[in-house]
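The structure appears right after this line, and notes come after that.
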Amino acid sequence: MKLAVAVVGAALLAAASNTGANREDEGWRAFTEVAAVLTHPRCLNCHVPGDSPLQGDEGRPHDMNVRRAADGRGTPAARCTNCHQTANSPAPHSPPGAPDWRLPPPSARMAWRGLTTEEICRSLKDPGRNGGRGLSQLVEHVSKDQIVNWGWDPGPGRGAPPLSHGEFVRRFVQWAESGAPCGLFQERR
Amino acid sequence: MAAIELTVNGERRTADLDPATPLLWVLRDEFGLTGTKFGCGIAQCGACTVRLDGDAVRSCVTPLSRAAGRRVTTIEGLSEGKRHAVQQAWLDEQVPQCGYCQPGQIMCAAVLLAHVPDPTDADIDDALAGNICRCGTYVRIRRAVHRAALLAKERR
């Protein structure tokens, strides 16, 4: 009898563990799709390692030698919002726009070019590198920040990221709710 | 459509226009302030630069609505009698050739000096990289900004 209870208990524990592992693995798979958005030019052009943003789908250096500066909003006479308005301009080839147009501040560059998906994942959820954000604040940024939303309405001549914004947020939330894993369960053992 | 109120060169003005109208057209066509120039119309050349509160905005892409309740300064309002340090330095260094881009250059330089009183060459290049001069007066522009910084220091 004791043996039977032990066997059943072990089986239940294993099943629970497998369920947890499956959930994490699904979360990780969701993140791999999230990463395809994070590494799209609409994100990477401002999430740069240096002090100058990029522009266009090819990620060429931004015109006018603009700089990130201390607050991510440009140098005194070359603020981002000197040209970028709160909405896209109707004129072809004019600067795109969204509320509070900016780069990340130098303390939280969140630059992902050249990183593996695992490295992107780890840097994204590291409060030491992401501006002190917890997972819920990251979800808030990707779902509600209007400059993120602009990525899906970038104006003429600019491509949108591979997922719709809604799908992107759903996968991001799935990843966060699964414990924000940065790899498959077995590979992380 | 409600009229939009703004302060231009210290004077309260009203513009009863589509809020999406570029500020440049309001300044030039409605208020007759033609010192600010149209260059490219897409914020690429800097000829239309004016000060909106403290910033050197490109008025060709700035909608009138953004200026509501705010202070706009054009080249005409930069100083009494063209005595701003940047204007004086521009004269001393004989900067302009054709002169078309110069109002934008001067407005941008004035904003730079308001924030960086003693700029380096790199500061000047960064600040004015978005102001294009077809005559290529860049060397004189840079010299004049340094001179303006000295003049402003002497006047303080």
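Just so it is clear: chains get the letters A, B, ... in the order the sequence lines come, proteins before strands, and each one is counted from 1.
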Passes side-chain contact (heavy atoms from CB on, under 4.5 Å), A:T81 versus B:R66? Steps please. CA-CA 11 Å; A:T81 51; B:R66 186 177 168 193; 3.8 Å; yes

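By the criterion of side-chain heavy atoms lying less than 4.5 angstrom apart, applied directly or through intervening Ile, Leu, Val, Met, Phe, Trp or Tyr residues, B:L78 is grouped together with B:I124 in one hydrophobic cluster. Cluster annotation: A:L138 and A:L115 are assigned to the same hydrophobic cluster (Ile/Leu/Val/Met/Phe/Trp/Tyr, side-chain heavy-atom contacts under 4.5 Å, transitive). The hydrophobic clustering, which links ILVMFWY residues whose side-chain heavy atoms are closer than 4.5 Å, places B:W25 and B:L6 apart. B:I42 and B:L23 sit in two unconnected hydrophobic clusters of ILVMFWY residues. Membership requires side-chain heavy atoms under 4.5 Å apart, directly or through other members. Note on B:L24: it does not cluster hydrophobically with B:I106, by side-chain heavy-atom contacts below 4.5 Å among ILVMFWY residues.
Proximity of B:V116 to A:P76: side-chain heavy atoms (C-beta onward) are separated by under 4.5 Å at one or more points. Side-chain contact between B:Q44 and A:M64 is present, with heavy atoms from C-beta onward closer than 4.5 Å.
The backbone N or O of B:A56 sits less than 3.5 Å from a side-chain atom of A:N82, completing a donor-acceptor pair.
For the set B:L112, B:D55, B:D126, the entry with the most heavy-atom pairs within less than 4.5 Å of chain A is B:D126. Ranked by heavy-atom pairs under 4.5 Å with chain A, the first of B:C60, B:A109, B:A129 is B:A129. When the candidates B:V111, B:I132, B:T62, B:L113 are compared by the number of heavy-atom contacts under 4.5 Å with chain A, B:T62 comes out ahead.
Within a 6.0 Å radius of CZ in B:R70, more than 12 heavy atoms belonging to other residues, nucleotides or ligands are found. The environment of NE2 in B:H115 is crowded: more than 12 heavy-atom neighbours from other residues, nucleotides or ligands sit within 6.0 Å.
For A:N65, the parts sitting under 4.5 Å from any heavy atom of chain B are the backbone and the side chain alike.
Summarising the geometry, atom CZ belonging to B:R58 is positioned 11.0 Å from atom CD belonging to A:Q85; distances are rounded to the nearest 0.5 Å.
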